[in-house]
Amino acid sequence: MGKNLRLKTARAAKDMSQKELAEAVNVTRQTINAIENGDYNPSIRLCIGICKTLNKTLDEIFWEYDDNVR
Amino acid sequence: MLDKKSDKYFDERQIQIRNQIGNQCFFILLISMVIVLQLPNYGITWTTTSAIMTIILLLCSGYFIARVVWAGAYNSSNAKASKSVYLTFSLLAVFMGILAAGIKTILFKESLNIYDGGILRLLVFLFIFFAIITVSIKVSTHKNNQGEDQ
């Protein structure tokens with residue numbers, strides 16, 4: 001599981017820190033960091049929470065395309 | 001969305017890590033106990049069963065706490081909930097202390113001496129207990145906050 005750069009980009013576009021996103025979805029900042037670094041595979045519930053917070057769809061953040069997420 | 005009580009205190013990654021480490025500890029505990037209980041059958045007796053059981057339990061719980069703290073899964077993602085747990089533990093300890101003193105003085109009609117060895121041992125135990133909890137929370141909080149934030 002590679003780094004999720006699209007999550008990082010979407011978060012940066014909303015001008016949110018990892019901590020702010022973590023608080024919005026009620027997880028620890030380390031969990032968001034682990035998802036971005038590809039160290040943790042989040043549940044669909046958390047994915048939906050992140051997408052709703054960032055105003056993105058699941059495809060836009062989590063679908064694995066060959067170009068962005070390895 | 002939060003249907004389980006533990007979900008209010010730990011996030012899903014923390015629950016996953018705690019379960020994983022808990023399972024490891026359970027099997028270490030189980031295997032250690034079976035080995036220790038079988039040793040006397042093969043003529044190996046080097047200490048009492050209760051002592052070795054205490055050592056195994058302490059080692060397993062120490063391993064569990066160390067791994068959980070290192071993984072940043074000891075304290076809650078919700079700071080408010082974490083504080084409330086800490087407050088509950090503190091109040092419970094104070095209540096138990098008062099209860100123990102009450103039982104000793106009222107039921108057993110004994111005088112309560114602060115320099116009594118039993119009370120001193122209880123105070124030392126409570127001090128060490130809360131010191132471990134406090135250090136664990138601090139380390140786990142630090143682990144939760146470290147890492148790249150870009």
Check: Can you list every pair that meets side-chain hydrogen bond (donor to acceptor under 3.5 Å, both in side chains) and has a residue in residues 46-57 of chain A, with sequence neighbours left out?
Finding: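 For residues 46-57 of chain A, and leaving out neighbouring residues, the side-chain hydrogen bond (donor to acceptor under 3.5 Å, both in side chains) pairs sorted by first residue read A:Thr57-A:Glu60.
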Item checked: Interatomic distance, A:Thr31 atom OG1 to B:Ile17 atom CD1 [nearest 0.5 angstrom] -> 7.5 Å
Item checked: Residue list, side-chain hydrogen bond (donor to acceptor under 3.5 Å, both in side chains) with B:Gln24, at least two apart or on another chain ->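 If we apply the side-chain hydrogen bond (donor to acceptor under 3.5 Å, both in side chains) test to B:Gln24, skipping adjacent residues, the hits are B:Tyr63, B:Arg67.
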Note to self: Please check: side-chain N/O of B:Glu12 versus main-chain N/O of A:Ser43, any donor-acceptor pairing under 3.5 Å?
What the structure shows: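 Yes; at least one donor-acceptor contact below 3.5 Å.
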Check: Can you hop from B:Trp70 to B:Ile28 via hydrophobic side chains spaced under 4.5 Å?
Finding: no
Item checked: Single-linkage hydrophobic cluster, 4.5 Å side-chain cutoff, B:Ile21 and B:Leu30 together ->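 Looking at the clustering, B:Leu30 is in a separate group from B:Ile21.
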Next item on the list: Report the C-alpha separation of B:Arg13 and A:Gln30 in whole Å, then their side-chain angles, then the decisive distance to 0.1 Å, and conclude whether the side-chain contact (heavy atoms from CB on, under 4.5 Å) test is met.
Entry: CA-CA 9 Å; B:Arg13 185 188 60 86; A:Gln30 206 180 28; 3.0 Å; yes
